[in-house]
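What follows is one structure encoded as structure tokens, with my remarks underneath.
Order of listing sets the numbers, starting from 1, for every ligand and every atom in it. Both backbone and side-chain heavy atoms feed into the values below; hydrogens, waters and symmetry mates do not.
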Amino acid sequence: MNRKHSHQLEQVLTRIHEACRQSGRDPESVRLLAVSKTHPASAVSDLHELGQRAFGESYVDEAVAKIAELGTLDIEWHFIGPIQSNKTRAIAEHFDWVQGVDRAKVVRRLADQRPGDRSPLNVLIQVNIDDEPQKAGCRPDEIAALADMVAGYDTLRLRGLMAIPAPREDLEAQRVVFARLRALFEKLRESHPDADTLSAGMSADLEAAIAEGSTMVRIGTALFGARGAP
Ligand SMILES: *Cc1c(COP(=O)(O)O)cnc(C)c1O
């Protein structure tokens, strides 16, 4: 067993628990997604051995190789990278969740390409919460139509929203943007009450995200250390 991973996992879980305590939230209401992109399959199996089950990957080819290598482990795989239309088949065939859905064409392709013998693909709609031109994600006013579309397919299951805000230094500024995201999530839940997941918060801002209702934090660096090139 890799002691470094054990220590880092413990530290991240402590941060999550402490953030929950400060907001009066049940620690069970926030899931940890371990972001293993660029890290080897052995790093994933180390964390799996420590009890971690949900892992996030951003590069389709790298992920498919890792999923094949770790095939027998009970892991829930999340695709969290930008989605190119020519990669939707691999995503639909190999993943349990896809977090970055932001346009109708991708919804249609994922729905058509999800194999019939697999359970529905869990979908989060990504919103470009800071309206950054280089970033994936739909506009806030596009969420409702995309959500209705996802909910209309038997092969997909609408689970909620995901966003990656622009970096901000202090906790209060981080909370302001996560509060805007939370409002969009609550609005979505008015028409889709089964949507139960708000994926928000990374290594640098998980405390602010949890204070504003995140139910899933996506953590790479704080668990695995810095990433090299993919
Ligand atoms: C890489 C990545 C993360 C993890 O970021 P860290 O800062 O390393 O915790 C989270 N979410 C997405 C979408 C990512 O691409």
Q. Would a distance-only check, ignoring hydrogens and angles, find a side-chain to backbone donor-acceptor pair under 3.5 Å from R227 to K37?
A. no
Put together the list of close N/O pairs, under 3.5 Å, between ligand 1 and the protein, could you?
from     : atom 1 : to   : atom 2 : distance (Å)
ligand 1 : 8 (O)  : T221 : N      : 2.8
ligand 1 : 8 (O)  : T221 : OG1    : 2.6
ligand 1 : 8 (O)  : R227 : NH1    : 2.8
ligand 1 : 8 (O)  : R227 : NH2    : 3.2
ligand 1 : 9 (O)  : S203 : N      : 3.1
ligand 1 : 9 (O)  : S203 : OG     : 2.5
ligand 1 : 9 (O)  : G220 : N      : 2.8
ligand 1 : 11 (N) : R218 : NE     : 2.8
ligand 1 : 15 (O) : K37  : NZ     : 2.6

**Q.** Distance-minimising heavy-atom pair for K105 and S85
**A.** NZ-OG, 3.6 Å
Q | D196 with R159: basic N within carboxylate O range, under 4.0 Å | A | yes
**Q.** R182 to F178, cation-pi by 6.0 Å centre distance and 45° axis angle
**A.** no
Q) With no hydrogens and no angle check, do the side chains of T88 and R109 hold a donor and an acceptor under 3.5 Å apart? A) yes
Q: Quick one: which residue pairs count as a ring pair (Phe, Tyr, Trp, His ring centres under 6.0 Å) with a foot in residues 90-125, not counting sequence neighbours?
A: H78-W97, F79-F95
